[in-house]
Amino acid sequence: MLVVLSLFFRRFWCRYLCPYGALLGVIGLFSPARVHRNPDRCVGCKKCDRHCPGLIGVSHKTTVSSPECLACLNCVSQCPEKGALLFSYFPGKIRLSPKAVAGIFLVLFSVGIGAAMLTGHWQTRIPADQYLSFVARHRTALMPGRRTALSQADAAKMQQIMMRMRKQKERALSQSMQGNARSNMAGAGHNEKAP
């Protein structure tokens, strides 16, 4: 059924049925960031309309405030006229390029993961040694001229990270064992009091 509907309506699932898309649309309505079109610089080529995955008529708006706008910035990157389409916070106050937006999200994502790792809330099923060996291989592949220096530095870092992760696991295990022991003692005490 969805396949048939997708033949007649572009991105049918994403636009009409996807709950995640609906959530992003609601969040987007309250976002202070918007795509703004400067009518004086717009040449009317409609490239923005053709490249918009949400099928929004960007070329007819001065400010794109639609629940179907996911701030993908395809319209901004495809616009041939510099300054015709801008992504900014609080209309015209803070202008950002697509690269700057991507950089901000990357930093926020990294900070979130880093905070989770430092507080012991980062959980993954990938063993630490497997992850760290992948990171080391990736780094050396990017910079083959510095292979030996990187491998020595990575070995020391890996050891530190693995020790930290091992301590976190041991701490979590001891806390869960203490919690189980307390609950067992409480249960045993309750059974002794019962006639």
Side-chain angles (χ1 to χ4, degrees), residues 1-117 121-126 130-131 133-146 150:
M1 181 70 170
L2 282 174
V3 175
V4 174
L5 287 169
S6 296
L7 293 174
F8 298 102
F9 302 98
R10 185 178 164 199
R11 301 169 58 96
F12 180 81
W13 168 260
C14 299
R15 295 184 67 210
Y16 301 111
L17 298 176
C18 178
Y20 181 63
L23 177 66
L24 288 177
V26 170
I27 291 171
L29 286 176
F30 296 104
S31 172
R34 299 264 189 262
V35 173
H36 301 280
R37 185 179 69 89
N38 184 345
D40 298 331
R41 294 196 175 198
C42 181
V43 293
C45 66
K46 298 192 188 300
K47 277 190 176 181
C48 50
D49 295 349
R50 287 194 298 273
H51 287 90
C52 178
L55 301 177
I56 301 167
V58 179
S59 62
H60 306 297
K61 300 178 180 287
T62 50
T63 300
V64 179
S65 58
S66 168
E68 292 182 330
C69 179
L70 302 176
C72 67
L73 304 183
N74 281 353
C75 57
V76 177
S77 65
Q78 294 298 323
C79 182
E81 197 64 31
K82 191 173 182 179
L85 284 178
L86 298 168
F87 183 74
S88 63
Y89 285 81
F90 308 107
K93 303 285 183 193
I94 306 169
R95 295 178 181 174
L96 297 172
S97 69
K99 288 179 183 176
V101 173
I104 289 169
F105 280 111
L106 185 63
V107 167
L108 290 174
F109 186 73
S110 301
V111 166
I113 289 177
M117 290 176 88
H121 291 92
W122 180 257
Q123 297 181 8
T124 179
R125 293 183 182 185
I126 300 171
Q130 185 181 355
Y131 170 74
S133 67
F134 172 78
V135 170
R137 275 197 314 264
H138 184 67
R139 282 184 186 168
T140 53
L142 289 176
M143 294 177 278
R146 297 173 58 194
L150 268 174

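We're numbering straight along the sequence, starting at 1. Because only heavy atoms are used, hydrogens play no part in the values below, and waters and symmetry mates are left out as well, while side chains stay in.
- Atoms OG1 and CZ, from Thr63 and Arg37 in turn, are 9.5 Å apart once rounded to the nearest 0.5 Å.
- Legend: residues meeting side-chain hydrogen bond (donor to acceptor under 3.5 Å, both in side chains) with His60, ordered by chain and number and at least two apart, are absent.
- The OG atom of Ser66 lies 9.5 Å from the CZ atom of Arg34; values are rounded to the nearest 0.5 Å.
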Quiz: residues 49-56 side-chain donor-acceptor pairs under 3.5 angstrom, not counting sequence neighbours:
{"residue": "Asp49", "atom": "OD1", "partner": "Val58", "partner atom": "N", "Å": "2.8"}
{"residue": "Asp49", "atom": "OD1", "partner": "Ser59", "partner atom": "N", "Å": "2.9"}
{"residue": "Asp49", "atom": "OD1", "partner": "Ser59", "partner atom": "OG", "Å": "3.4"}
{"residue": "Asp49", "atom": "OD2", "partner": "Ser59", "partner atom": "OG", "Å": "2.5"}
{"residue": "Arg50", "atom": "NH1", "partner": "Cys45", "partner atom": "O", "Å": "3.3"}
{"residue": "His51", "atom": "ND1", "partner": "Lys47", "partner atom": "O", "Å": "2.9"}

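- Partners of Leu73 according to the side-chain contact (heavy atoms from CB on, under 4.5 Å) rule, which considers only residues two or more places apart in sequence or in another chain, are Val35, Val76, Phe87, Pro98, Val101.
- Legend: residues meeting side-chain hydrogen bond (donor to acceptor under 3.5 Å, both in side chains) with Asn38, ordered by chain and number and at least two apart, are absent.
- Closest heavy-atom contact between Ser77 and Asn74: OG-O, 3.0 Å.
- When all heavy atoms are compared, the tightest approach of His36 to Ser88 is CD2-OG, 2.8 Å.
- Applying the salt bridge (charged side-chain N to carboxylate O under 4.0 Å, His left out) test to every pair with at least one member in residues 63-81, sequence neighbours left out, gives these pairs: Arg15-Glu68.
- Rounding to the nearest 0.5 Å gives a distance of 11.0 Å between CG of Leu85 and CD of Gln78.
- Legend: residues meeting side-chain contact (heavy atoms from CB on, under 4.5 Å) with Phe8, ordered by chain and number and at least two apart, are Val4.
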